[in-house]
Amino acid sequence: MPPPRTLDAVDCGILRILQSEGRASVRSVADRVHVSRANAYSRINRLIDDGVIRGFSARVNHERAGQGASAYITLKIVQNSWRTVREQLRALPGAAHIALVSGDFDVLLLVHTPDNRTLRELVLTRLQAIPEVLSTRTLLVFEETDLYPAPGSPPDAEPPS
């Protein structure tokens, strides 16, 4: 993979559009960042090849999709067990994001489950059964807001602060 490079205003505009509208056509992207279709196509491919764009996906309303309970779970794990724990966390139903972090805990895990009972079972039965997990703390999500640009916002709009 090539080393990271500084993105210019056009690249940043393309990224903002694709983050809010992953299905935007190359023509639409080109028009909105004021470049030719060929230039937009080439820039998007370069962003993919450089690993800046990791893929395209749908942003899901988890509650509407039957996943009414969400939580961030912090984990303390045995030193040097990150790779083993990460693979076990990936296999958990509803695991949405896993991060190795610094501070009072080692791992931050975001999960979405159908209800609190399923969440409780995931924590008490699945997570705490992993031998390398020393402790967990569950933080229920009451409401969440995506900070990606709103659909139709100008490509040079500043993200919310």
Side-chain angles (χ1 to χ4, degrees), residues 1-7 11-25 29 43-153 155 157-161:
M1 180 139 326
R5 85 169 103 204
T6 304
L7 303 178
D11 291 331
C12 291
I14 289 170
L15 290 174
R16 278 191 288 278
I17 291 166
L18 294 177
Q19 282 180 306
S20 66
E21 301 173 58
R23 294 178 58 173
S25 68
V29 170
R43 284 174 176 263
I44 291 168
N45 282 334
R46 189 190 76 229
L47 291 166
I48 292 168
D49 292 343
D50 287 352
V52 175
I53 295 176
R54 296 183 295 169
F56 296 87
S57 63
R59 292 192 339 249
V60 176
N61 178 326
H62 297 284
E63 191 170 353
R64 299 280 302 157
Q67 302 292 304
S70 295
Y72 286 96
I73 303 169
T74 65
L75 296 89
K76 287 187 182 182
I77 61 173
V78 172
Q79 190 171 4
N80 297 322
S81 66
W82 163 241
R83 286 178 184 82
T84 303
V85 171
R86 179 182 57 200
E87 294 313 309
Q88 293 177 76
L89 297 178
R90 279 184 174 165
L92 291 175
H97 185 86
I98 305 165
L100 177 65
V101 297
S102 65
D104 293 338
F105 48 89
D106 303 306
V107 178
L108 183 63
L109 170 67
L110 172 61
V111 297
H112 303 289
T113 61
D115 51 42
N116 284 339
R117 170 168 277 160
T118 307
L119 176 61
R120 182 186 72 214
E121 289 303 311
L122 181 107
V123 172
L124 297 179
T125 304
R126 302 285 301 268
L127 279 178
Q128 293 183 358
I130 298 172
E132 298 85 0
V133 171
L134 301 173
S135 67
T136 65
R137 178 175 290 166
T138 303
L139 307 162
L140 292 177
V141 174
F142 295 129
E143 184 176 314
E144 57 187 325
T145 302
D146 284 337
L147 298 181
Y148 295 114
S153 65
E158 290 296 316
S161 54

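From a predicted model like this one, the values you see are computed outputs, not experimental measurements.
Among residues two or more places apart in sequence or in another chain, the side chain to side chain donor-acceptor pair (under 3.5 Å) test is passed with Arg46 by Asp11. With sequence neighbours left out, Glu87 forms a salt bridge (Lys or Arg N to Asp or Glu O under 4.0 Å) with Arg90. Listed by chain and residue number, nothing satisfies the salt bridge (Lys or Arg N to Asp or Glu O under 4.0 Å) test with Arg64 (two or more places apart in sequence, or in another chain). With sequence neighbours excluded, the residues that form a side-chain contact (heavy atoms from CB on, under 4.5 Å) with Leu134 are Lys76, Val78.
Contact record, Thr125 with Ala129: O-CB, 3.0 Å, taken as the closest heavy-atom pair. When all heavy atoms of Ala69 and Asn116 are compared, the closest pair comes out as CB-OD1, 3.6 Å. Nearest heavy atom pair, residue Ile44 against residue Ile53, reads O-CD1, 4.4 Å.
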Could you give me the CA-CA distance, side-chain angles and deciding distance for Val85 and Ile98, then say whether side-chain contact (heavy atoms from CB on, under 4.5 Å) is met?
-> CA-CA 10 Å; Val85 171; Ile98 305 165; over 6 Å; no
For Ile14 and Leu7, run side-chain contact (heavy atoms from CB on, under 4.5 Å): C-alpha distance rounded to whole Å, both residues' side-chain angles, the deciding distance at 0.1 Å, then the answer.
-> CA-CA 10 Å; Ile14 289 170; Leu7 303 178; over 6 Å; no
Intermediate values then yes/no, side-chain contact (heavy atoms from CB on, under 4.5 Å), Phe56 and Leu18 | CA-CA 8 Å; Phe56 296 87; Leu18 294 177; 4.0 Å; yes
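Remark: Ile77 CD1 to Thr74 OG1 distance equals 11.5 Å, nearest 0.5 Å.
Counting heavy atoms from C-beta outward, Phe105 and Ile73 have side chains that stay 4.5 Å or more apart. Annotation: side chain of Leu75 is not in contact with side chain of Ile130 (no heavy-atom distance under 4.5 Å).
The local environment of CG in Asn61 is crowded, with over 12 non-hydrogen atoms from other residues, nucleotides or ligands closer than 6.0 Å.
Remark: the backbone N or O of Ile17 is paired with a side-chain donor or acceptor of Ser20 at under 3.5 angstrom. Remark: side-chain polar atoms of Arg23 are not paired, donor with acceptor, to backbone N or O of Ala58 under 3.5 angstrom.
Each of Leu108, Leu140, Val111 was evaluated against Tyr72; a single residue qualifies, Leu108, per the side-chain contact (heavy atoms from CB on, under 4.5 Å) test. For the side chain to side chain donor-acceptor pair (under 3.5 Å) test with His62, the passing option among Glu144, Gln67, His112 is His112; the others fail.
Residues in residues 131-140 take part in these side chain to side chain donor-acceptor pair (under 3.5 Å) pairs, two or more places apart or across chains: Gln88-Glu132, Gln128-Thr136. Here salt bridge (charged side-chain N to carboxylate O under 4.0 Å, His left out) pairs that include residues 117-128, with residues two or more places apart or in two chains, number zero.
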